[in-house]
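Inspection log for the structure reproduced underneath, given as structure tokens.
The figures that follow rest on heavy atoms only: side chains count, while hydrogens, waters and symmetry mates do not.
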Amino acid sequence: MSSTEANHYVEALFQQSIDVDLELKRITVYANLLFRSLSRETIQDPAVTLQITPTTALLSGKILSPDLVQAVGVYTRSGKQTGWKFTDKDWFKQARVDGTYHIESIEPRTLHPGVWVELKEWQVEIDFDALDGPLNIQGYIEVGEQKFPIMNPIQVHLSQ
């Protein structure tokens with residue numbers, strides 16, 4: 001780890017609301033992830049890793065498959081693409097195995113000290129029948145070799 005990497009600090013937290021649909025027998029977590037640099041320097045290209053269990057839970061929202069970025073990516077007025085994508089082409093298959101989702105910005109992203117960045121408007125759904133314990137959503141922000149955990153992991157437990 002270089003001396004500059006050792007000076008990076010990132011604060012990250014979830015904003016969420018939870019819908020428990022008794023008719024459809026499904027839980028949906030609507031979430032945003034906010035993070036910012038607490039360092040004095042800017043941070044280049046942070047990555048996000050989400051860990052969701054059980055692995056049968058479905059992550060969806062404004063995160064694109066790498067294959068779809070060119071076709072359905074969002075463009076800014078200056079013609080640059082913006083938003084978030086999964087890093088692996090086999091992201092869905094990998095997530096079904098271990099519940100891990102690796103996410104990165106479509107465009108180069110710089111975290112300026114104290115300025116919040118959002119990975120917004122995504123959701124996790126799971127049917128009651130697929131729960132054999134709590135629904136867990138946790139993760140971290142990666143900067144080089146450093147990993148900064150999200151401060152408030154989400155856990156939803158149903159008692160029947």
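In the hydrophobic clustering of ILVMFWY residues, with side-chain heavy atoms under 4.5 Å counting as a link, Val29 and Leu24 come out apart. When hydrophobic clusters are built by joining Ile, Leu, Val, Met, Phe, Trp and Tyr residues whose side-chain heavy atoms come closer than 4.5 Å, directly or via intermediates, Val48 is not grouped with Tyr140. Placement of Leu22 and Val156 within a single hydrophobic cluster is found when ILVMFWY residues are connected by side-chain heavy-atom separations under 4.5 Å, directly or transitively. Ile154 and Leu33 fall within the same hydrophobic cluster, where Ile, Leu, Val, Met, Phe, Trp and Tyr residues are linked whenever their side-chain heavy atoms come under 4.5 Å apart, directly or through other members.
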| Step by step, would you call Leu131 with Leu158 a side chain to side chain contact (heavy atoms under 4.5 Å, CB included)? | CA-CA 8 Å; Leu131 284 172; Leu158 278 183; 4.0 Å; yes
| field | Evaluation steps, side chain to side chain contact (heavy atoms under 4.5 Å, CB included), between Leu38 and Val10 | value | CA-CA 5 Å; Leu38 296 178; Val10 175; over 6 Å; no
| From CA spacing to verdict: side chain to side chain contact (heavy atoms under 4.5 Å, CB included), Gln16, Asn152 | CA-CA 10 Å; Gln16 79 278 340; Asn152 59 334; 4.2 Å; yes
| Check against side chain to side chain contact (heavy atoms under 4.5 Å, CB included), Ile63 and Leu119 | CA-CA 8 Å; Ile63 308 165; Leu119 171 55; 4.0 Å; yes
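With no hydrogens or angles considered, a side-chain donor-acceptor pair links His102 and Thr49 at under 3.5 Å. Using modelled atom types and a 3.5 Å distance limit, the side chains of Ser39 and Glu41 yield no donor-acceptor pair. A donor atom on one side chain and an acceptor atom on the other are found under 3.5 Å apart for Gln44 and Thr110. Residues Ser60 and Gln123 have side chains that bring a donor and an acceptor to within less than 3.5 angstrom of each other.
The closest side-chain heavy-atom distance from Gln155 to Pro134 is below 4.5 Å. Using a 4.5 Å heavy-atom cutoff, the side chains of Phe148 and Pro46 are not in contact. Looking at heavy atoms from C-beta onward, Pro113 lies in side-chain contact with Thr42 at the 4.5 angstrom threshold. Using a 4.5 Å heavy-atom threshold, the side chains of Leu64 and Ile106 count as touching. Side-chain contact check for Val20 versus Phe128: some heavy-atom pair is nearer than 4.5 Å. Between Ser37 and Tyr9 the shortest side-chain heavy-atom distance does not fall below 4.5 Å. Side-chain atoms of Arg109 and Val117, non-hydrogen and from C-beta on, do get closer than 4.5 Å to each other. You'll find the side chain of Ile103 stays beyond 4.5 Å of the side chain of Thr87, heavy atoms only.
The aromatic rings of Phe14 and Trp122 sit perpendicular to each other, their planes meeting at more than 60°, with 30° as the lower class boundary. A perpendicular orientation is assigned to the rings of Phe35 and Trp84, their planes being inclined by more than 60° (bins at 30° and 60°).
A search for side-chain hydrogen bond (donor to acceptor under 3.5 Å, both in side chains) contacts involving Glu11 returns Arg36, not counting sequence neighbours. Scored by the salt bridge (Lys or Arg N to Asp or Glu O under 4.0 Å) test, Glu121 finds Lys62 as partners (sequence neighbours excluded). With sequence neighbours excluded, no residue forms a salt bridge (Lys or Arg N to Asp or Glu O under 4.0 Å) with Glu142.
The two residues Ile126 and Ala130 make their nearest non-hydrogen contact at CG1-CB, 3.8 Å.
Salt-bridge check for Asp127 with Arg26: passed, with a basic side-chain N closer than 4.0 Å to an acidic carboxylate O. Using a cut-off of 4.0 Å between Lys/Arg side-chain N and Asp/Glu carboxylate O, Glu23 and Lys25 are scored as not salt-bridged.
In the hydrophobic clustering (ILVMFWY side chains linked at under 4.5 Å, chained through shared members), Tyr30 stands by itself. Listed by chain and number, the hydrophobic cluster partners of Met151 are Leu13, Leu34, Trp116, where partners are ILVMFWY side chains within reach of under 4.5 Å, directly or through others.
The distance from atom NZ of Lys85 to atom CD of Glu107, rounded to the nearest 0.5 Å, is 10.0 Å.
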Could you tabulate the donor-acceptor pairs under 3.5 Å formed by side-chain atoms of residues 50-58, not counting sequence neighbours?
residue: Gln51; atom: OE1; partner: Thr100; partner atom: OG1; Å: 2.6
residue: Gln51; atom: NE2; partner: Asp98; partner atom: O; Å: 2.5
residue: Thr55; atom: OG1; partner: Arg96; partner atom: O; Å: 3.2

